Amino acid sequence: MKEKLNKILKLDRRYLFVLLTLSIVIPIIKPIGIPSKSISTSTKDTYNFIENLPEGSTIILSLDYDPSTAPELHPMAAAVLKHAFKKNIKVIILTFIAGSGGLIDELVRTIPPQYSKEYGKDYVVLPYMANPLAALTQMASDIHSFYDKDINNKPLKNYEMMKNIKNYKDVAGVIGITGTALLDYWVVYVGDKYGVPILGGVTAISQVGYGPYLQKKQLKGLIGGMKGAAEYENLISQPWKGTSGIDALNIAHILVIVFIIFSNIVLLILKFL
Amino acid sequence: MNRKFLLASVIILSLGIDAFSNKSKDSIKQNIEKIELKNLSVVDYPSDKGNSIILYFDKDEKQKNFQYEIYLSTDSTNWIKAKQAKYDELSASNIELPFWMWNKKRNINALAIDVTKVFSLQEDDYFKQNPKGFSVYAKVIAIGDNKKYESQIVKGIAKANWFRVDRLNNLVLVIIISIVFFMIVSHAKKRELFIRKIAGLEAIDEAVGRATEMGKPVVYVPGTGSMSGISTIASIFILGEVGKKIAQYDATLKVPHYDPIVFTVAKETVKQSYMEAGRPDSYREDINVYITTDQFAYAAAVDGIITREKPAACFYMGYFMAESLLLAEVGAGVGAIQIAGTDVDTQLPFFFTACDYTLIGEELYAAGAYLSKEPMLVSALKVQDFGKFLFITFAIGFSIFLLIFSKIETSYAEKLLDIFRVR
Amino acid sequence: MNIIKKYIPLTIVFIFGIITLASYYVPHRASDEYLEWINKWENIVSAFALFLGMISLFYSHYKKIQRKVDGWGYSLFVYIGFFIIMGAAILSEGDISKEGKLTYLGWSFNNIYNPLSATMFSVLAFFIISTAYRSFKIKSFAAFLLFICGLILMIGNIPLGEIIWDKVFGWTKLTIGEIKDWIISVPSTAGRRGIMIGIAIGAAVTSLKIIFGIERGYMGKE
């Protein structure tokens, strides 16, 4: 009995991998449709912030994630962009991560046409910049002195929506969606320093670390992980990849909990044998 | 016919509106009385780049229901409306300056105005054309009791300042810490200072010894930070000490790199370690290898190195993000003894579960002092202890102070909060 | 030689360290211009360092191919991968898409880089489950407390967890979301703040050590 239990405790991890794979793949192929009961406060705050902005306001959407974190962050970026366009809010999209180019390209190819939004009038995309600190500091005085051209290499000043945008004072808020620590930069160098409302979207694992910022209202709202993305899609009534992934998330989480409890029960039994 | 009638109506209507508005303007102009607002002044906004002013004047109880329009001009003839606000919306507390620069209790109407926004000036041109300051005229139109009152015209200059007096609290703290730093470091060699045992650093000998016995390499991962990161600097120092031990034991070392600058520095460090250990012949150029500056490609490459080389010991020291568990779990899978250290708190749980020893945050910064036992570095650790002691004292002491004085006399509580506010 | 290798770098670090520290207290535009200038230099130096790193990378893999060591085929892939993507980038003139159509670079990004990067991140999920099964042993009260908090956070993060909680503990009139928010905002934040403050103080002292030349790890060893 003891030997068997020890064998179970030292189970080849490949069996665990197979079980996890099945728990993720099956709900994606055949969705269960587990309903979401509540929406977290921080996601609701982000939604309310955009919902309460007057038409014609401008926000900065900083999309700083690469394909590795795209499954969690791309759906929330899409949801935020759709919400902004729905409310006729102008969006300045920028990035400090080299690998995000293709993802941003996908967003601006597919979403603006759905809302009849025009480039230059309703949204602009700024080119990748390697030095976030320099960009964040410079944009406080003059965005155009740092970003003189857009991603298409055309003068930024010539675009209709950028004619009245000089610095953070002309922007209603910043939403930073990132899998890195860049949101901290926005909070410290822009939010705290210039009083610009900062909101964020992060991976589920990083969400816990932003507790202090949310408590002190340094962050006005936060969308956390795939669940946050699904909640936001629910709020704007536009289910997409966040919603479709939530079933797999449910089952996988339960599986991990079951494994931990199971291994500890086996350990307890071994202790008394 | 209909079109001509419509056109004529529009013309007549617009002329009528124009005549009416002119008449209104004339009647308004006739209704504007002169008023002398007491102590109306325009001063430079202190501790700024030179693009803001503060306009203030004494409060008048008789104007409680008034609304104010503030006008600015560069030549006292062409006026631009800068702001509009009610009596209640203007007060000294609007100005976000600390108590040592501005008295928020004064009974005045006050407002901070960004002149570049009012006059729609490009900041670059503004600063180039006004190196000595920007002169501005101001006047206030008070609206109330169905009348308009125009104030006297005052002049002020928005100037660039050279010192942020609002950050004086921060500067004082830096000076205190620096003085304590120099005092403690200058007494470094006078007596031996105690550092508690850090298990992770004590285990380095054990890890390297194990690698030598098993004839397997040691893999040292310096993290995915840049050379400007303090954790990376600490990691390179530890690499030097680990390199020395490995050279002494004649084991094999592999250091895959994420950042090319860190790679260059690490090369020099490891080379020097081998020379200090008296084994320059054992040093090889391929100990340090630059992989890539892509996070997951780097993790994949290091995982590949660990899986193929099957090291006896793995060190993960520096700045890590999501790749921490990818590396640690593969290392655990090959049975290596693992020692990790990072200041990224989100990755600490992963290192705790997958590694044998973990250095948390400042234990990584203390590693330099701990391993080398250099008196100057050890005494610098004491400065950290002093800083923590200062923080704990302030946190407890001033929390009690705030609790008491927020009930008795709120101005003291506000002044105390001002001292600790970050600007 | 000592002057070039030791004293000049120390002097440069000291001067620029003090000026950069002072620029925090100087609101004048000169301070912003200095920071901009420094950032530009940092970008230039990084670009050259990247070039050096790439030379080292290609050289070490060339040696592996030449000596036909174990796994030299992987080294061949370094060259193949590099030249394929470089070629795609040159042909596409650095654009991901042109006139709504994906370029060669865009196709490579979407069909090679994206899936590879996402795969590596996905491997984390498998490693988490194997680490949790292998290492999460409740051997003390602290570990038990950690397990309970972790369990609440995990259940709180999924809709199914909310349903399970309401069915089992609905009588407490507390939702799992409220407990999860309390755990994140009170004990977790308190612990995190302590660590953050310690790290900040450590960083400040280490910076002083670097500026005043006591810590010289960045220069390589003497």
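Just so it is clear, the structure is predicted and the values come from calculations on it, not from any experiment. Below, chain A is the first sequence line, B the second, and so on; all start at residue 1.
Within the 4.5 angstrom heavy-atom criterion, only side-chain atoms of A/N167, from C-beta onward, approach chain B. With a 4.5 angstrom heavy-atom cutoff, B/F127 does not touch chain A via any of its atoms. Within the 4.5 angstrom heavy-atom criterion, only backbone atoms of A/T180 (N, CA, C, O) approach chain B. Both the backbone and the side chain of B/E329 come within less than 4.5 Å of a heavy atom in chain A.
No more than 12 heavy-atom neighbours from other residues, nucleotides or ligands sit within 6.0 angstrom of OH on A/Y15. A/Y189 OH: 12 or fewer foreign heavy atoms inside a 6.0 Å radius. Other residues, nucleotides and ligands contribute over 12 non-hydrogen atoms within 6.0 Å of the CG atom of A/D170. For A/F146, the CZ atom is densely surrounded, since the number of other residues' heavy atoms within 6.0 Å is greater than 12. Residue-environment remark: NZ (A/K220) exceeds the threshold of 12 foreign heavy atoms within 6.0 Å.
B/M321 CE to A/S206 OG: the interatomic distance, rounded to the nearest 0.5 Å, is 5.5 Å.
At distances below 3.5 Å, at least one donor-acceptor pair connects side-chain atoms of A/K166 with backbone N or O atoms of B/L121.
With contacts defined as side-chain heavy-atom distances shorter than 4.5 Å, the pair B/F350/A/I205 qualifies.
Listed by chain and number, the residues in a side chain to side chain contact (heavy atoms under 4.5 Å, CB included) with A/T95 are A/D64, A/I97, A/S100, A/I104, A/Y128 (sequence neighbours excluded).
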